Amino acid sequence: MDLVRDALEKVKMIQDRLRTAQSIQKSYADWMVRDVAFMVGDQVLLRVSPMKGVMRFGKKGKLSPRYFRTFEILERIGEVAYKLFLPLSLSAVHPVFHVSMLQKYYGDLSHVLDFSTVQLDKDLTYIEVPVAILDR
């Protein structure tokens with residue numbers, strides 16, 4: 001009987017610890033969740049995920065841009081996904097993105113990259129060509 005009682009006490013102790021850990025994780029997850037919803041026709045910025053060691057848009061590492069450019073939302077798919085209108089140059093990219101990859105666009109052209117002069121490969125990389133020498 002003592003062996004069973006000790007085992008039950010240990011099981012209860014483990015369950016209490018698991019509940020505490022789950023509560024901590026849930027409070028952290030609730031703190032990190034953004035309640036964002038976009039309407040069809042809204043302009044959004046698409047987040048660029050930097051790859052380690054790859055130079056994107058002329059910058060590497062911490063200084064690389066966070067957003068690629070603006071896109072129009074065509075359709076809401078489910079609770080947290082949106083279909084974007086992508087140009088033909090990005091036809092190899094799937095047009096549906098999670099809400100965490102999107103940011104509302106407020107009409108400031110200073111933070112949008114112009115990629116019309118850049119020829120992107122299928123893996124969204126490009127060869128950087130210097131335009132001018134600015135300093136010696």
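All values below were derived from every heavy atom in this structure, side-chain atoms included, with hydrogens, water molecules and symmetry-related copies excluded. Bear in mind the structure is a predicted one, so any value in this text is a computation, not a measurement.
Rounding to the nearest 0.5 angstrom, the gap separating the CZ atom in Arg5 from the NZ atom in Lys10 is 14.0 Å. Between Lys104 atom NZ and Thr70 atom OG1 the span is 11.5 Å, to the nearest 0.5 Å.
Put simply, Leu74 and Leu46 are part of two different groups of oily side chains (I, L, V, M, F, W, Y) that touch within less than 4.5 Å, one to the next.
Ile73 places none of its side-chain heavy atoms less than 4.5 Å from the side chain of Met39. Residues Leu45 and Leu102 are not in side-chain contact: their nearest non-hydrogen atoms beyond the backbone lie 4.5 Å or more apart. Taking the side chain as every heavy atom from C-beta outward, Leu18 and Gln22 never approach each other to under 4.5 Å. At least one side-chain heavy atom of Pro87 sits under 4.5 Å from a side-chain heavy atom of Phe71. The shortest distance between side-chain heavy atoms of Val44 and Tyr105 does not fall below 4.5 Å. With a 4.5 Å cut-off on side-chain heavy atoms, Val96 and Leu84 do not count as touching.
In this structure, the side chain of Thr20 engages the main chain of Asp16 through a donor-acceptor pair within 3.5 Å. A distance-only check finds a donor-acceptor pair linking the side chain of Arg76 to the backbone of Gly78 [under 3.5 Å].
The neighbour count for Lys12 NZ, taken as heavy atoms of other residues, nucleotides or ligands under 6.0 Å away, does not exceed 12. Under a cut-off of 6.0 angstrom, the local environment of CD in Glu79 is sparse, with at most 12 non-hydrogen atoms contributed by other residues, nucleotides or ligands.
Taking the ring centroids of Phe38 and Tyr82, they lie under the 6.0 Å cut-off.
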